[in-house]
Amino acid sequence: MKTVKICLNSIDKVKSFVNDITKFDTDFDLVSGRYVIDAKSIMGIFSLDLSKPIDLNIHAEDGMEHILEVLNPYIVE
């Protein structure tokens with residue numbers, strides 16, 4: 001598992017993020033405070049505070065480089 005910080009500060013970013021990660025057969029969790037939601041759930045994402053970066057847990061065994069490449073536009077350092 002790998003954790004990265006992502007920023008989803010607009011509706012368009014959320015839509016494109018969900019479209020990008022649904023292409024992978026891997027589990028993704030978004031963690032905000034004590035809430036953990038499925039990152040592939042657009043309704044779940046909108047229930048979070050999107051004004052600040054959120055932790056994304058990527059549960060992948062292999063192909064992590066490709067996943068991070070696709071998620072690069074959302075990742076913040």
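Each residue takes its place number in the sequence, starting with 1. Just so it is clear, the structure is predicted and the values come from calculations on it, not from any experiment.
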Please say whether more than 12 non-hydrogen atoms of neighbouring residues, nucleotides or ligands are located less than 6.0 Å from [atom1] in [X].
X: Asp49; atom1: CG; result: yes
X: Met43; atom1: CE; result: no
X: Tyr35; atom1: OH; result: no
X: Ile11; atom1: CD1; result: no

Would you compute the distance between atom [atom1] of [X] and atom [atom2] of [Y] and round it to the nearest 0.5 angstrom?
X: Phe17; Y: Lys40; atom1: CZ; atom2: NZ; answer: 10.0 Å
X: Cys7; Y: Lys13; atom1: SG; atom2: NZ; answer: 5.0 Å
X: Lys2; Y: Leu56; atom1: NZ; atom2: CG; answer: 10.5 Å
X: Leu71; Y: Ile6; atom1: CG; atom2: CD1; answer: 7.5 Å
X: Ser47; Y: Ile42; atom1: OG; atom2: CD1; answer: 12.0 Å
X: Phe46; Y: Ile37; atom1: CZ; atom2: CD1; answer: 10.5 Å

A side-chain contact here means heavy atoms from C-beta on lying under 4.5 Å apart; do [X] and [Y] qualify?
X: Ile54; Y: Val31; value: no
X: Asn9; Y: Val14; value: no
X: Ile58; Y: Met64; value: yes
X: Asn72; Y: Leu68; value: no

**Message:** Would Asp55 and Lys5 count as a side-chain contact (heavy atoms from CB on, under 4.5 Å) here? Give the steps.
**Reply:** CA-CA 5 Å; Asp55 287 335; Lys5 283 215 177 290; 2.8 Å; yes
**Message:** What I want to check is whether the side chains of Ser10 and Asp12 have a donor and an acceptor closer together than 3.5 Å.
**Reply:** no
**Message:** Between Val4 and Tyr74, does the side-chain contact (heavy atoms from CB on, under 4.5 Å) criterion hold? Intermediate values first, please.
**Reply:** CA-CA 10 Å; Val4 294; Tyr74 314 103; over 6 Å; no
**Residue from Asp27, Thr3, Leu30 passing side-chain contact (heavy atoms from CB on, under 4.5 Å) with Asn57** =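 Between Asn57 and the candidates, side-chain contact (heavy atoms from CB on, under 4.5 Å) is satisfied uniquely by Thr3.
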**Request:** Mind listing the closest non-hydrogen atom pair of Ile21 and Ala39 along with its distance?
**Result:** CD1-O, 3.2 Å
**Closest contact, heavy atoms only, Ile45 versus Leu50** = O-CD2, 3.7 Å
